[in-house]
Amino acid sequence: MKPDTTSPDATTADLPLETRAALGSGRDFWTTKDVAGVPSITLTDGPHGIRLQTGATDHLGLAGSLPATCFPPAAGLSQSWDPELVERVGAALAEEAQAADVQVLLGPGINIKRSPLGGRNFEFYSEDPHLAGTLGAAWVSGLQSGGVGASLKHFALNNQEDDRMRVSADVDPRPLREVYLRAFRQVVEDAQPATVMCSYNAVNGVPVRHNRHLLTDILRGEWGFRGAVVSDWGAVGGRVEAVRAGLDLQMPSDGGGSDAEVVAAVRSGELDEAAVTTAADRVAALARNARAARREGASFGDDVQQAHHELAREAAARSIVLLKNDPADGRHILPIADSGVTGSVAVIGPFAETPRYQGGGSSHVNATEVDSPLEQLRERLGAPVTYAAGFTTDGSGRNAALLAEAVEDAANADIAVVFLGLAENQESEGFDRTTIELPAGQLSLLRAVRAVQERVVVVLSHGGALELGQVKRSAPAILDGNLLGQGGGAALADVLTGVVNPSGKLSETMPARLADNPAYLDFPGEHGHVRYGEGLFVGYRWYDARELGVAFPFGHGLSYTTFAYSEAFAQPDDDGDGITVSLTVTNTGKRAGREVVQAYVAVPDSAQVRVPRALAGFGSVTLEPGESSDLEIHLDRRDLEYWDIRADRFVLEPGRYVVHLGSSSRDLRAEVEVDLEGEEVAVPLTLQSSLGEAMAHPAVAQALGQAMAAFTGGDGDGDGAATGEALGVDMAKMMASIPLDRIVGFSNGAVSAEQLQQLLDAANHH
Ligand code: BGC
């Protein structure tokens with residue numbers, strides 16, 4: 001009888017081994033095989049739009065793709081701090097994927113922005129794992145609610161482009177767990193993506209595709225992942241070992257021989273056949289589920305296109321950050337509508353005409369339409385608008401004639417709006433940046449404009465963090481557009497003119513200097529290794545711990561109105577695991593606006609290495625002028641625990657947790673405290689334990705103190721006071737680090753190993 005592979009719980013176990021092995025690799029660049037009743041599915045990029053190549057398929061960007069909505073890339077969208085919006089974007093992407101007959105969209109990219117130089121930072125959400133995990137989970141939930149599978153990528157520690165296919169990210173257990181795997185865990189546990197994409201790189205020397213600890217023990221064993229592990233495109237070498245580690249699907253194809261290698265390995269006894277069946281079952285289940293979720297008749301008609309363009313504009317508007325809005329001439333410059341402009345507005349910079357709205361590489365979308373900020377501003381402003389380029393987007397951008405023209409416009413206008421940023425060829429997938437400075441020609445243009453015009457607004461477009469010292473000094477007002485997708489032009493015009501009150505917050509620190517960055521000294525590593533030497537101190541956690549000044553802190557973003565926080569209160573959950581914080585937020589200004597409140601946790605009396613404060617939750621309220629509203633933010637146990645390297649697991653440390661509520665990571669406005677019972681880590685005492693550790697144990701202290709007195713001449717309390725005085729030291733402190741087995745030698749037999757062991761046994765059984 002022919003095995004039935006179409007029923008939901010069908011196993012492929014009865015299929016020939018060759019067929020099962022074949023299911024574990026793609027048919028071609030974007031599809032899986034249609035064999036033995038298992039349907040073929042299409043996987044495509046992702047993440048901020050559908051990049052479905054039609055004719056030729058390639059990885060070189062030569063072949064075009066179907067028109068699709070280009071939503072803000074992750075770097076831009078993350079500035080919304082709005083999971084509900086991100087979920088709606090995910091659902092819209094699913095609609096377009098359904099119309100294009102795509103079953104898996106290759107996203108979200110949630111890798112941590114370790115260094116601002118990371119070439120793909122524009123595709124990732126944040127330097128903070130809680131923010132990346134929350135937004136990533138929302139995106140997956142939205143997409144999968146529309147019957148399209150996600151591919152959570154790039155698992156794991158794919159934090160740089162340099163040598164990205166080989167480099168080993170060498171990281172200690174705590175940052176691995178608390179920073180780099182943290183967001184992946186959240187997305188898997190909370191949103192169960194259909195697939196997880198195994199990254200190109202290695203972790204601690206083992207290529208991720210061969211890393212059973214990551215692909216199976218952690219991903220499935222600890223987090224309960226039920227989907228399929230897909231390789232990044234071209235990540236697989238050594239397929240047999242990869243299948244053994246837990247890789248289910250090699251993409252784009254078996255490279256002409258790895259299916260046969262898998263068959264041969266089973267026949268020779270090198271590979272357990274069950275591993276091949278499990279992988280085939282997972283691919284079959286993925287394909288069947290995806291096909292079953294197919295929405296027949298889905299189309300990307302004009303009405304859907306229009307609705308999605310509107311959503312792209314809404315998402316863009318929510319993602320814009322007002323970095324600075326100082327008064328000039330006694331009034332705030334922004335919004336322009338309120339700033340008393342009666343004459344003309346000088347718009348300067350090529351990005352005003354031809355916006356920079358997405359990044360280069362596999363995520364590049366063929367947008368259905370692109371709003372031009374210049375045109376949108378012209379539509380909204382009653383005042384005359386002039387335009388001058390001022391600089392070019394290649395090289396340094398310097399051009400004397402263009403500069404002169406722009407300066408003349410600025411001098412004759414009431415206000416100058418200067419669009420600065422990075423061109424697409426200055427940052428992209430495949431290579432890292434070498435600088436975070438804006439091109440020199442743009443900075444000299446800004447200085448020249450500022451010399452003739454006091455009212456200057458700078459609008460920034462860029463995927464990665466920038467050094468903004470000079471911009472901050474020159475411009476009284478700055479809007480950070482990051483990358484906003486195809487609706488960014490309208491969104492910027494709405495924020496500039498005041499139709500929209502900005503509420504975005506930075507999802508990445510803007511450092512004062514590149515050299516201040518925690519990864520500065522060992523990014524991108526050498527000879528195939530990059531050492532994550534900064535440990536837990538990634539992003540703001542580092543700048544805060546080192547008390548370094550930054551241009552704009554993580555979480556920063558102003559509004560055209562102001563907010564006050566009051567009535568802050570914190571309470572542990574009934575089970576003692578998490579914390580619920582509540583507060584009242586009041587709009588104390590003259591405009592309606594939205595405030596994102598951020599909750600940062602500190603454990604000041606911790607016995608562990610801790611960062612000063614870490615984001616553990618956030619929430620937002622939208623308020624009319626004068627209006628107040630209560631806001632509740634839940635802090636999950638996952639964001640309070642630390643990874644204990646002795647116990648090899650997460651531990652909730654007992655003690656006092658201080659929750660700082662802030663409008664940014666450095667604008668902390670309320671502080672509440674909670675005591676959590678937590679759990680003690682029981683570490684058995686051994687002869688390798690130190691004297692200090694043993695003396696801290698109540699069941700041992702007295703007896704050990706007496707034994708010690710026998711040779712230190714102390715008074716029996718173990719502090720060896722008598723001898724210590726003679727040497728001019730505090731003997732208890734000096735001896736605290738001595739391992740117990742060494743005491744035997746030091747005491748010249750006065751304390752025996754047996755005696756110590758008896759004490760330890762008694763303590764360990766206590
Ligand atoms: C990228 C992935 C992408 C895949 C397919 C790879 O080079 O790293 O992010 O999804 O190609 O285009």
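Numbering of ligands and ligand atoms starts at 1, following listing order.
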Could R114 and Y532 be counted as a cation-pi pair, given that NZ or CZ must be under 6.0 Å from the ring centre and within 45° of the axis?
yes
Quick test of your reading of the model: are E84 and R88 salt-bridged, counting only N-O distances below 4.0 Å?
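Here E84 pairs with R88 in a salt bridge, since their nearest N and O are under 4.0 Å apart.
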Do the charged groups of D254 and K33 touch, with an N to O distance under 4.0 Å?
no
Give the atom numbers and elements of ligand 1 that come within less than 4.0 Å of a heavy atom of [X].
X    : answer
D232 : 1 (C), 2 (C), 3 (C), 4 (C), 6 (C), 7 (O), 8 (O), 11 (O)
M197 : 10 (O)
R164 : 7 (O), 8 (O)
E429 : 1 (C), 6 (C), 7 (O), 8 (O)
Y200 : 6 (C), 7 (O), 8 (O)

Counting heavy atoms only, which part of [X] comes closer than 4.0 Å to ligand 1: side chain, backbone, both or neither?
X    : result
M165 : neither
R120 : side chain
K153 : side chain

Using heavy-atom distances only, which candidate in M251, R51, Q53, H154 approaches atom 9 (O) of ligand 1 most closely?
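Nearest option to atom 9 (O) of ligand 1, by heavy atoms: H154.
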Heavy-atom distance to atom 12 (O) of ligand 1: which of D45, T44, L106 wins?
D45
Are side-chain N/O atoms of Q53 and W30 paired as donor and acceptor at under 3.5 Å?
yes
Contacts of H309 that satisfy side-chain hydrogen bond (donor to acceptor under 3.5 Å, both in side chains) - sequence neighbours left out:
R313, D371, Q486
Measure the acute angle between the ring planes of Y540 and F554, then classify it against the limits of 30° and 60° as parallel, tilted or perpendicular.
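Plane angle under 30°, so parallel.
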If you measure every N or O of E123 against every N or O of ligand 1, does any of those distances drop under 3.5 Å?
no
Heteroatom proximity flag, W30 to ligand 1, N/O under 3.5 Å
no
Selection residues 126-146 - residue pairs positive for ring-ring contact (aromatic ring centres under 6.0 Å, His included), sequence neighbours left out:
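Sorted result for residues 126-146: H130-F618.
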Could you tell me the separation between the CG atom of N366 and the OG atom of S65, rounded to the nearest 0.5 Å?
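One finds 4.5 Å between CG of N366 and OG of S65.
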